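Working notes, structure below.
Residues take their numbers from the sequence shown, with the count starting at 1. In listed order, ligands and their atoms are each counted from 1. Note that this is a predicted model, so its numbers are computed, not measured.
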Amino acid sequence: MIDYELTSAQKELRERTALFCASEIAPSASALDSAPRDEAGRIVREAIKKLGKAGYLDLLVNGDFVSRCVAGEELARSCPSTFFSAMYSGTSFGLAIKSFGSRAQQDRYLPGIISGERIGALACTEDSAGSDLSLIETRAELGGDKWILTGSKDFVTNAPVADFFLVSAWTDREAGCEKGLSFFVVDRGISGFDTTETVETMGLRGAPAAGIRLSRCSVPAGNLLGKAGQGHAILGCINEWLKISLSAMSLGIGVACMEVSTSYSKSRSAFGRPIGLFEGVGAKLAIMFTNNDLGRMLTLRAAWSMDRREAESSVLASCAKLFTSESANKTADLAMQVHGGHGYIKGTAIERLYRDARFAELACGTSEMQRAFIARDSLNR
Ligand SMILES: Cc1cc2nc3c(=O)[nH]c(=O)nc-3n(C[C@H](O)[C@H](O)[C@H](O)COP(=O)(O)OP(=O)(O)OC[C@H]3O[C@@H](n4cnc5c(N)ncnc54)[C@H](O)[C@@H]3O)c2cc1C
C-alpha cells in the first residue's frame with residue numbers, strides 16, 4: 001500500500017509555517033528585493049531572527065527532511081530570498097556543524113544559528129571553480145597549532161551579513177579531491193579576512209552575496225571541520241541537502257506563481273468574461289497545477305528516501321531538483337503570460353518570482369550537472 005498522507009505533526013507544521021510566513025515574511029518580500037543592498041541586509045537579518053524564534057532554523061539543523069521540505073515550500077512561497085538565505089545559514093552551515101562538528105564547535109556555533117541571532121555561510125565557489133570544485137586554489141597550511149588559509153571565494157550567499165563561514169581548502173593537493181580537501185570554520189572579522197562588495201544579482205536579491213578574501217588568515221586547529229581530507233565527503237552531504245532544499249524552494253515559487261495567476265485570472269476580464277475562462281489561459285493554470293503536484297511528489301519522495309538513508313536518495317534528490325527547478329521557470333513564464341503586460345512591470349510579484357525562479361537551475365549543481373549525475377547513476381546500475 002502507498003500512503004501519501006503527511007503525519008498530523010507535518011500537517012500542523014505546514015499550517016503553522018504558512019500562517020507565520022503570511023504575517024511575518026511575505027509583507028517584506030518586495031522591499032527585500034528592491035531595497036538598497038545595505039538595507040536588504042538589515043531586513044534579511046531581521047527575517048532570520050524571526051525564523052529563529054519561530055523554530056524554523058532549529059528544523060533546518062535538527063529536523064527530518066520531509067518536515068524541512070513541507071515548511072520550506074511555505075517559506076519559499078512567501079519569499080524565496082529569505083528561504084535562500086536561511087538555507088545557507090541553517091542547512092549548509094548549521095547542519096554541517098551538527099553532522100561533522102566537534103562538541104566544542106557545536107557548542108560554539110549552533111545556539112546562535114538556531115536562534116537566528118547569528119548567520120552562517122558556505123564558501124566553496126571560486127573565480128575559476130564552480131561546477132568543478134577540484135579547480136579551487138584556496139589552501140590551508142598547518143603552522144604550529146593554527147591553520148593558515150590563503151585564497152579567495154566568489155558568490156558567497158550571506159557574506160555581507162554572515163558571522164561564520166564554512167570554507168573549503170586544500171590541505172593536501174597531491175592527495176587529490178577525495179583525500180586532499182578539507183573544510184574550516186572561519187569567524188568574521190579575524191585578521192586576514194575580508195569581504196568584497198555585495199554583488200548585484202538578477203533575482204533572489206534579498207539573499208545578499210559577496211566574495212571573501214583570505215590573506216594568510218589564521219584559524220585555530222580546532223576550526224577544522226571533521227578530519228583533514230574529509231572535505232570531499234562533507235561536500236557530498238552538503239550538496240545532497242542543498243539539492244532537496246532547492247527542490248522545496250522551486251516548488252514554493254511554482255505554487256506562488258500558480259496562486260497569483262489563478263487569482264488574476266478570476267479578477268481580470270476581457271471580451272465580457274474572466275480571462276481564466278478562456279481555454280488558452282485555463283490550460284496554463286492546468287499545466288502549473290500539474291507541474292507543482294508532480295514536483296511536490298518528487299521532492300517529498302526524495303526527502304523521505306533521505307530520512308530513511310536509502311542508497312538512491314542522492315539520485316532521487318537530483319531528479320527532484322532537476323524537475324522542480326526547470327518547472328519553476330516554466331511556471332513563472334506561464335504566469336507572466338497570464339498577467340499579460342501587467343506582469344512585466346517592475347515591482348509586481350510575478351516579475352520578482354520570474355527572476356527568483358531562474359537561479360535554481362544554476363545553483364548547487366546546474367541542470368546539466370544533475371543530468372550528468374543521474375545518467376552516470378543509471379549507467380552504473
Ligand atoms: C547569487 C549566487 C549565489 C551563490 N551562492 C553560493 C554560495 O553561497 N556558496 C558557494 O560556494 N557558491 C555559491 N554560488 C555559486 C554557484 O553554486 C555556482 O555559480 C554554480 O555552481 C555554477 O558554477 P559556475 O557559475 O562557475 O558555472 P560553470 O561551472 O562555469 O558552468 C558554466 C556552464 O557549463 C556547464 N558545465 C560545466 N561542467 C559541465 C559538465 N561536466 N557537463 C555539462 N555541462 C557542464 C554548466 O552546467 C553551465 O551551464 C552562488 C552563485 C550565485 C550567482
Q) Applying the side-chain contact (heavy atoms from CB on, under 4.5 Å) test to I212, which of V167, T138, T196 qualifies? A)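 Of the listed options, the one satisfying the test is V167.
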
Q) Picking from N329, L285, I287, what satisfies side-chain contact (heavy atoms from CB on, under 4.5 Å) with L334? A)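 Going through N329, L285, I287 one by one, the side-chain contact (heavy atoms from CB on, under 4.5 Å) with L334 is satisfied by I287 alone.
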
Q: Collect the protein residues that have a non-hydrogen atom under 4.0 Å from ligand 1 and hand them over in chain and number order.
A: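 Residues within 4.0 Å of ligand 1: Y88, L122, C124, T125, G130, S131, F155, V156, T157, T201, F359, L362, C364, T366, E368, M369.
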
Between [Y] and [X], is there a side-chain donor-acceptor contact under 3.5 Å, judged purely by atom types and distance?
{"X": "S367", "Y": "E326", "answer": "yes"}
{"X": "K321", "Y": "T299", "answer": "no"}
{"X": "S168", "Y": "K153", "answer": "yes"}

**Q.** Least distance between heavy atoms, I148 atom then S218 atom
**A.**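 Looks like CD1-CB, 3.9 Å.
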
